[in-house]
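For ligands, and for the atoms within them, numbers begin at 1 and follow the listed sequence.
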Amino acid sequence: MQLLDGKYISEKLKKQIAVEAGEVLAATGRKPHLVAILVGNDGGSETYVASKIKNCENVGFKSSLFRYNDSVTEADLLLKIEEINRDEEVDGLIVQLPLPKHINPEKVTETIDHRKDVDGFHPINLGRMMRNLPCFIPATPYGILLMLQEYQIETAGKHCVVVGRSNIVGMPISVLMARNANPGNCTVTLTHSKTIDLKKQVLQADIIIAAIGKKKFITADMVKPGAIVFDVGINREESTETKSGYKLFGDVDFENVAPKTSWITPVPGGVGLMTIVGLLKNTLASAKKEIYK
Ligand code: GUN
């Protein structure tokens with residue numbers, strides 16, 4: 001078993017991003033600029049957004065955070081998004097999910113200018129992704145592709161089983177792994193809550209991508225010897241063992257699964273760190289007008 005080391009890879013890629021951010025500043029007089037909108041006080045979202053902002057500063061990007069409390073109206077939020085869309089000094093805009101129930105996430109996503117949609121959630125970016133056209137790829141799937149690339153893991157012809165069909169991870173990564181691209185060219189099975197005999201499906205996998213949001217859901221009896229395992233789960237539980245007051249668990253029972261695998265991502269220290277890199281790379285690509293002119 002070998003670890004897919006998110007810490008090592010993310011630090012390496014962030015150094016390259018910082019160099020390119022410096023080149024953008026020298027050429028344009030402007031740093032790449034990411035705007036984040038955070039609604040409410042969800043503990044997980046607070047942590048993720050704080051980490052995105054901090055990482056922007058570390059690689060030489062400008063970042064701005066607009067905070068709203070839970071009671072903000074959908075109309076006010078959409079107005080703010082439209083204002084940021086028009087701001088030529090902004091390269092990327094993300095609205096952290098989940099949103100309060102009275103706000104329609106589809107409306108929010110579609111209001112963001114697709115040329116600034118560095119989360120890659122807008123239907124135009126998702127459609128372009130399916131057609132293998134230049135687009136912003138959702139950050140977590142992008143992070144997984146970058147890990148496969150960095151470790152030079154061959155994916156062509158392999159059977160990839162994705163567990164979970166979320167808009168953010170499961171659905172897009174299943175498309176990306178099936179695309180005629182490298183990484184890609186997998187035979188993909190997308191499993192979900194209605195899948196019959198999930199264990200039988202997962203046991204077929206050369207590559208398992210676990211994105212179901214349930215602690216230790218993938219157990220050793222579900223894993224073929226030699227499989228490659230990506231654990232996307234970030235399940236937070238309160239804990240007295242850590243300084244932060246909570247502990248993270250993946251979707252994979254790491255202790256028992258890891259010895260059976262050829263490669264596996266830890267939690268924390270795996271895919272989560274790569275998600276930030278995906279977001280930074282999309283923001284940089286936007287600043288350099290690499291995707292949309
Ligand atoms: N919530 C969980 N993951 C994400 C993400 O990648 N982007 C945004 N905007 N919200 C999220």
Checklist line | Glu74: which of Lys107, Lys80, Lys101 passes salt bridge (charged side-chain N to carboxylate O under 4.0 Å, His left out) | finding: Lys107
Checklist line | Leu97, any N or O under 3.5 Å of ligand 1 N or O | finding: yes
Note to self: Heavy-atom pairs closer than 4.0 Å: do any link ligand 1 to the side chain of Leu279, the backbone, both, or neither?
What the structure shows: neither
Notebook entry, point to check: Is the shortest side-chain N to carboxylate O distance from Lys31 to Glu57 below 4.0 Å?
Noted result: no
Next item on the list: Pick one of side chain, backbone, both or neither for how Tyr48 approaches ligand 1, counting any non-hydrogen atom pair under 4.0 Å.
Entry: neither
Notebook entry, point to check: If you measure from the Lys or Arg side-chain nitrogens to the Asp or Glu carboxylate oxygens, is any gap between Glu89 and Lys62 under 4.0 Å?
Noted result: no
Check: Which residue supplies the protein heavy atom nearest to atom 11 (C) of ligand 1, what is that atom called, and how far is it?
Finding: Gln96 NE2, 3.4 Å
Item checked: Sub-6.0 Å ring centroid separation between Tyr292 and His114 -> yes
Check: Testing Thr191, Ile209, Leu190, Ile207 for side chain to side chain contact (heavy atoms under 4.5 Å, CB included) with Val161, which one passes?
Finding: Thr191
Next item on the list: Compute the shortest N/O to N/O distance between Val95 and ligand 1 and return yes if it is under 3.5 Å, no if not.
Entry: yes
Next item on the list: Kindly identify the option in Ile276, Val232, Ile168, Asp119 whose heavy atom sits closest to atom 3 (N) of ligand 1.
Entry: Ile168
